[in-house]
Structure formats: structure tokens, C-alpha cells
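See below for the structure under consideration.
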Amino acid sequence: MLMSKRSLIAAGLLVPALALGQARGPTSPLDQPEVLPPPAAVAAPVSAEAAPPPAPLEAAPLVLSAKVPLDLPELLPPGVLQETGLTVGEAARRASERALSVQRAGAGRRAAEEGVRATKLGFLPRIQASARYTRLSDVDPSTLPMFDTPGCLQDLAGCQADPRAFTRDVVLQTPILDQLALHAQAGLTLTDLIGYQRLQLDAAEADLQAATLSGQVARDEAALAGIAAFYEVVRARAQLALARDAQAIAGRRLAEAEARRAGGLTTDADALAVQAQVAGVARLVALATGRAVVADANLRDLLEIPPEEAVLLAGDLAGPPPAPADVEALLASRPVAGRPDVAAARARHTATRARADADGTRAWPALTVSVNVDEAQPNTRIFPQREEFATTWDASVVLSWSLDGALIASARADQQRAVADEQALAARDLSQALERGVRQARVGLLAALAGVEAQQVATATAAERARLMTTRREAGLATETDRLDADSAFLSARLGLVDALVDAWLAHARLQRALGNSDLIANGT
């Protein structure tokens, strides 16, 4: 009966540990389960007089400098990480090149480049050309009444008797019904060259700078996402393998419980309790399988890995990342003002401010020069018209100003200036947020490293207990249930240590991202 209760207690410890592992996601490194101190080794009883006094509360913190080395083959189940395959650095680099967010940032940069090119073309004169054919409807020719002086002189008597008889309608011009015309015009607003167009070019170049910096930010974020996706696959596959091992142990425990019940050593209630634990482990195996599928799909989508290509992971998870330096030293090594995030926000502010100034110039008078050239048959500017091509040209200088246009331009400029002020405040807010992010990421890494140290001690303790129980079982000093309980505790400790190491490396990557270390993020370290 005592052994059955021990079995139930061990199973009760393993199932929540596996459930916690299955429920883990890309959470904060501070979200760590409380690690209880390892159980004390069995020793001879000590008298009250010989017992050492309890340590004071002000005692020095526990120093874990002599930790048991982490053996990767023993820590991770076989097949999770191999010698050849996709490493975390390759996952980060592929994500920084192929992620959809990076592709979108690249498209935004190309759009900004075309915006600069289009703005530069605005400095060219406006040149227009047209060709026109016109068919005039049939019309009566224009006439002009004129006095026939030579005829009057020849017939003075008749002219004096009836002068109106010597009046004739003279056709001035026979209408030309068909017209072919070629027209060309070149114009330029001189005030735009020193005002509106120049400021628009400044804005377009600032937009290009912001798009370039945003592309760097997108690559860094994608690299961090690639690292997280890589480690999530490692975590999910390790959880699945350990859950299957736990299922096998639970099956052996159930077989022993059934045998003990058949021998009358335990009750039916004890056997049913073991069956409930086995069912719980089976559910966790199903959850671990689903999580492994989801993690694999996320990694494939991020890195654009085809479905027919197997995802083999390679690398080393034998130790935690290095501890971070002092927060002030971290901030001094990577000043916030030089981060691509802040530089992109400031570039967007500069672009909006330049556009506001450009809109303001629309309230000024505009000075425009233009030249027109006409080649037409007949040319309407020449009289009398002839059915032949004739060329004429004209030049104009126009100074114009519009009251409503000036008021609208002023209002738009004020609107853009307000947007620019908001963007300037957003850049300052981002700078402060980045500093807070560095401090938070550093605390998260320290907490994750502390979790690794505690979990490493727990894993070493569980491994030693499992070894001792195996030895005692072989010597007949322990039951099979005791050995299975120790194996279950060791599986739970391994799972916790894998989680702790993954959390630590993710916290390290988040700190590098918060510091803006693009090279380290791209290398997955």
C-alpha cells in the first residue's frame, strides 16, 4: 500500500510538470515555475544536539559554480538536435531574408526609391505636344461690299444716275475646311525650383532613409522570430519525446499496479488512480504532438521551407548563454540615438516637416514661363489663310496668386506640422521605450539564467536519485515502483531544464534585439 501511494505521488508530480511544459509558449522569461529545493538525501538520523543551527536570513546567496556539466545526449531526447541540419544561426539569417515582413519592408523601400525618382523628374520643364486634325462644316464664304471705282469712271453718267449699281460683294477668303495642326508647349514654374519642388525632394529622400532603416528593423525582428521559431521546435520536439517516455513509464507502472491488485497488495481505488494518471499522460502526448506540428508549421512558414523538405535541426544546447553586463554599460555600448528604430522615426519626422514647408510655399505667388510653338495648315494666326504649313510661336511670363489657394495651402501646412510634432514625440517615446526594453530584457535574461541554475541542480539531483534507485532495485532494496518514480522525476527535471535553457537563449536573443545588435541577431547568438 505504501508503494502504491509513492507511485501516485510521483505520477502526480510528473503530469503537472509535463502539462506545464505543454502549456508553455513564447512567454516572458520571468514567467518561470517556482523551483522547489531538491529533496535531501536519505541519511542516518541526527540528534537535536548535533543538528547545526539554521542559517540566518542574511546568509550569502547560493553559488552554483560547481554545477554538474550538462551532457547534451542525456539532456535532449535523441533526434531533437543532430550533427547536421538547420542551425539557429541559419534560421535567423533565412528569416531575415525570406520573412514576409522583410519582403514588405523591401517593397516599401523600392516604393520610396521610386518616390525620389519621381520627385527629381519634377524639376524638368513641363513639355506637351499634340497633333490635331479639324474638319470644318460647309459654310458660305465671307463677303465685303466694295464700290467699283474703275467701272464708275468708265460710265460716269450711269454711275451718277445709280451709284448702288456699281457696288460689288467681294469674297475675302474662300473657307479652308480641313486643318492640320501641330502644337508644342514648354513651361516651368520658377518659384517651385527654389521652394515646393526642392522641399518635396528633401521629404522623398527622408522617406527613403526611413524605409531603409525600417528594412533593417524588419530584418532584425524577423531574425529574432526565426530564433524563437527554431527554439520552439526544439522545445516542442523535446516535450513530445519526453512525454512519450513518460507514457511508457506510466504504462509499466499501470502493469505493476494491476499485478499488485491481482495479488491483493493494493485496492481497486489505487489501481484506478494509476489508470487516471496514465490517461492524463496520454492526453499530454496528444497535446505535445499537436504542438510539435504547429511549431514545425510556423518554422516552415517563416523560412519558406517546402512541405516535402524535412526539417532537421542541428546545434548545441549544452549550456546557457553568458550573463549580461551592467545595464548602464549595455546602454553605453549601444546608444539609443543610433538605433535604426529611432533613426527611422526621426527620418519620418523630417519628411513630414519638409512636406509641411512645401505646402506652405503654395501660399506664395507663382512665377511661370512658357513657350508655345504651332505648325498648322492653315495657320489661323496668318491672314489670308493658305493651304500650306506655317509656323508661329509665342512666349509668356505669368505671375499668379490665388486667395483660396493660399488659404488652403496654409491650412494643409499647419496640418502637416501638427503631424510632424506628433512624430517627433513618437521618436522620443520610442527612445525611452527602447531603454526600458533593454532594462527589462536584461532582467529577463538574469531571471532565465537563475532558472537554469536552479533547474540544473534539480536535474542533477534527479539523475543521481534515478541512478541510486536503479542500483537499489538491482540489489533488491527497492521496488520497481520506486525505480519508476525516480525515472519519472528525472524526466520531469529534464523537461524543466530544456524549458529553462530555451527560455534563457530566447531571453539572450531578446536582449540583443533590444540593444540593436544586428550582427549577433543575424548569427543567432
Side-chain angles (χ1 to χ4, degrees), residues 4 7-27 31-33 74-82 85-86 228-258 268-303 305 307-313 317 455 458-459 462 466 481 483-503 506:
S4 177
S7 174
L8 293 177
I9 293 174
L13 293 175
L14 176 61
V15 172
L18 289 174
L20 177 63
Q22 297 302 327
R24 295 189 64 86
T27 57
D31 185 18
Q32 295 286 340
E74 294 184 2
L75 173 62
L76 285 176
V80 176
L81 291 178
Q82 304 178 7
L86 180 70
F230 178 91
Y231 281 123
E232 283 304 317
V233 173
V234 172
R235 191 203 305 266
R237 291 183 178 180
Q239 289 174 353
L240 177 57
L242 294 178
R244 288 172 176 170
D245 290 344
Q247 187 178 36
I249 292 176
R252 293 196 298 270
R253 183 184 293 115
L254 177 61
E256 183 177 358
E258 294 289 347
D268 292 342
D270 295 331
L272 290 175
V274 176
Q275 291 179 4
Q277 296 292 339
V278 171
V281 174
R283 173 181 173 273
L284 293 176
V285 171
L287 291 176
T289 303
R291 179 166 184 176
V293 171
V294 172
D296 183 84
N298 290 339
L299 184 63
R300 287 180 181 275
D301 290 343
L302 185 63
L303 305 186
I305 301 175
E308 65 275 5
E309 181 180 343
V311 180
L312 302 179
L313 304 183
L317 198 65
Q455 197 63 43
T459 304
T481 300
R483 189 184 67 82
L484 293 176
D485 292 344
D487 290 342
S488 297
F490 181 48
L491 285 178
S492 177
R494 288 174 63 188
L495 177 60
L497 185 53
V498 169
D499 276 337
L501 284 172
V502 169
D503 287 340
L506 288 177

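Starting from 1, each residue takes its place in the sequence as its number.
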Are the side chains of [Y] and [X] in contact, using a 4.5 Å heavy-atom criterion?
X    : Y    : value
Q277 : R253 : no
V233 : V80  : no
R494 : P77  : yes
L284 : Q239 : no
Q82  : L313 : no

Drop me the distance from [X]'s [atom1] to [Y]'s [atom2], to the nearest 0.5 angstrom.
X    : Y    : atom1 : atom2 : answer
E258 : L254 : CD    : CG    : 5.0 Å
S492 : D487 : OG    : CG    : 12.5 Å
N298 : F230 : CG    : CZ    : 15.0 Å
L312 : L86  : CG    : CG    : 9.0 Å
Q247 : L240 : CD    : CG    : 10.0 Å

Heavy atoms only: give me the nearest [X]-[Y] pair and the separation to one decimal.
X    : Y    : result
L302 : A229 : CD2-CB, 4.2 Å
A462 : A489 : CB-O, 4.0 Å
V281 : A246 : CG1-C, 3.8 Å
F490 : A466 : CB-CB, 4.3 Å
I249 : L484 : CG2-O, 3.9 Å
A228 : L506 : CA-CD2, 3.4 Å

Among V502, L501, L495, side chain to side chain contact (heavy atoms under 4.5 Å, CB included) partner for D499: L495
Check: T459 side chain, A493 main-chain N or O, donor-acceptor pair, under 3.5 Å: yes
Pair E232-R291, salt bridge (Lys or Arg N to Asp or Glu O under 4.0 Å): steps then yes or no: CA-CA 9 Å; E232 283 304 317; R291 179 166 184 176; 2.8 Å; yes
